[in-house]
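Note sheet for the following structure.
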There are 2 protein chains.
Amino acid sequence: MQNAVDTNDFVELVRQAGLRPTRQRLSLARQLFMNGDRHVTAERLHSESLDQGISVSLATVYNTLHQFTNAGLLRELVVDAGRSYFDTNVSAHHHLYFEETGELRDVPGDNVAIENLPMLPHGMKVSRIDVIIRVKNGSAESS
Amino acid sequence: MQNAVDTNDFVELVRQAGLRPTRQRLSLARQLFMNGDRHVTAERLHSESLDQGISVSLATVYNTLHQFTNAGLLRELVVDAGRSYFDTNVSAHHHLYFEETGELRDVPGDNVAIENLPMLPHGMKVSRIDVIIRVKNGSAESS
DNA sequence: AGAAAAATTAGAATCATTCTAATAAACAAA
DNA sequence: TTTGTTTATTAGAATGATTCTAATTTTTCT
């Protein structure tokens with residue numbers, strides 16, 4: 001999905017998510033998926049849109065992010081209290097979080113092994129495993 | 001009321017955290033640490049306190065939770081947007097999160113192996129690694 | 001086109017959390 | 001103990017992210 005990224009691609013994407021391809025959803029999809037992996041907050045996506053002259057309300061940004069998330073196009077992640085990031089990479093992977101700057105970076109899923117998973121209560125299944133490696137400035141290592 | 005031994009224990013605990021042993025902090029410490037491991041929200045701790053006839057403001061609950069966290073007596077964890085849990089278990093371990101009920105349960109730290117940690121940018125150190133295994137009702141397993 | 005369904009919107013409402021600035025309690029010294 | 005200084009507590013206001021509401025506009029279907 002690198003070149004030949006035109007409106008039609010996004011029309012299809014949005015349709016396959018079971019949503020009507022409105023101007024707002026197409027613009028947001030383009031911003032989210034056109035330039036590779038991203039980790040965005042709703043506020044940032046909204047102001048980015050306005051900067052690009054795309055008129056869309058914050059409520060619609062939230063609605064769309066949740067709809068895309070439900071459709072499996074995005075993954076929501078909460079890294080600290082008070083704000084959600086939406087990750088355009090929905091494959092198995094984890095995250096490096098820079099505590100000072102708030103920057104979030106992907107870590108390939110095979111860098112982390114989950115072993116001896118505890119027994120789950122009957123009838124329960126794993127829906128997802130989130131791993132967040134928090135890093136900050138400093139010389140030594142602590143756990 | 002509480003017996004002298006218990007109270008003294010908490011006076012020491014609070015003092016060693018560099019804080020004055022006030023009535024509020026001692027009550028909260030008792031609630032947090034008297035009955036084994038807990039995962040509490042500020043709101044819950046507050047209403048629990050009021051139920052027990054301990055008068056304390058919500059602001060003080062928040063202040064105290066953060067002070068205890070900074071002193072290493074608690075660990076703050078964010079499992080979904082909008083609320084923080086405070087964990088009285090500060091040893092290396094991870095979490096099982098029941099998405100439907102919001103229940104949080106500890107997983108021994110040695111059940112999860114982090115291998116091939118990605119290279120960190122120069123001067124950065126790992127401050128903490130959070131692993132949250134999200135489970136829900138259902139038959140099959142997904143990753 | 002016209003009707004029905006779905007989407008967008010501004011602004012109000014909500015919820016957890018933090019801030020403010022005034023009052024009260026704890027501590028150290030004499 | 002009393003006094004002065006520092007630190008805590010508090011009610012209530014403020015904040016910030018998110019959700020809701022109810023009205024308007026778009027999209028889709030026939």
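All values below were derived from every heavy atom in this structure, side-chain atoms included, with hydrogens, water molecules and symmetry-related copies excluded.
Residue B:S49 comes nearest to B:V56 through the heavy atom pair CB-CG1, 3.7 Å, listed as atom of the first residue, atom of the second, then distance. Here the closest non-hydrogen pair linking A:V107 and A:L96 is CG2-N, 3.8 Å. The two residues A:L117 and B:I133 make their nearest non-hydrogen contact at CD2-CD1, 3.3 Å. Nearest heavy-atom pair, A:L73 versus A:A17, reported as atom, atom and distance to 0.1 Å: CD1-CB, 4.2 Å. Smallest separation of non-hydrogen atoms from B:S55 and B:L50: CA-CD2, 4.4 Å.
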Distances under 3.5 Å only, N/O to N/O: pair up the protein atoms with those of nucleotides 23-28 of chain D.
{"residue": "D:dT27", "atom": "O2", "partner": "A:R20", "partner atom": "NH1", "Å": "3.2"}

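Without hydrogens or angle criteria, B:R25 side chain to B:F10 main chain gives no donor-acceptor distance under 3.5 Å.
Rotation axes derived from the C1' atoms of the five outermost pairs at either end of the helix from C:dA1-D:dT30 to C:dA30-D:dT1 lie 30° apart, to the nearest 10°.
For residues 68-84 of chain B, every residue pair satisfying the side chain to side chain donor-acceptor pair (under 3.5 Å) rule, not counting sequence neighbours, is listed here: B:R75-B:D130, B:E76-B:S84, B:D80-B:Y97, B:R83-B:Y85. Applying the salt bridge (Lys or Arg N to Asp or Glu O under 4.0 Å) test to every pair with at least one member in residues 34-60 of chain B, sequence neighbours left out, gives these pairs: B:R38-B:E48.
Under the rule for a side-chain hydrogen bond (donor to acceptor under 3.5 Å, both in side chains), the partners of B:S91 that lie at least two apart in sequence or sit in another chain are B:N89. Partners of B:T88 under the side-chain hydrogen bond (donor to acceptor under 3.5 Å, both in side chains) rule, at least two apart in sequence or in another chain, do not exist in this structure. B:E100 meets the side-chain contact (heavy atoms from CB on, under 4.5 Å) test with B:K136, B:N137; sequence neighbours excluded. Qualifying ring pair (Phe, Tyr, Trp, His ring centres under 6.0 Å) partners for A:H95, counting only residues two or more places apart in sequence or in other chains: A:H39, A:H93. Evaluation of the side-chain hydrogen bond (donor to acceptor under 3.5 Å, both in side chains) rule for A:S27 yields no partner, not counting sequence neighbours.
In summary, contact between chain B and DNA chain C, defined as any nucleotide atom under 4.0 Å from a heavy atom of the protein, begins and ends at C:dA16 to C:dC27 in the 5' to 3' direction.
Each of B:T41 and A:Q24 lies near DNA chain C, and the nucleotide nearest A:Q24 is the one positioned closer to the 5' end.
Follow the hydrophobic side-chain contacts under 4.5 Å out from A:V11 and you reach A:L13 in the same cluster.
Residues from residues 69-89 of chain A placing a heavy atom under 4.0 Å of any atom in DNA chain C do not occur. In the region residues 53-67 of chain A, proximity to DNA chain C at under 4.0 angstrom, judged on heavy atoms, holds for A:S55, A:V56, A:S57, A:A59, A:T60, A:N63.
Side-chain contact annotation: A:S127 with B:E99, donor-acceptor N/O pair under 3.5 Å present.
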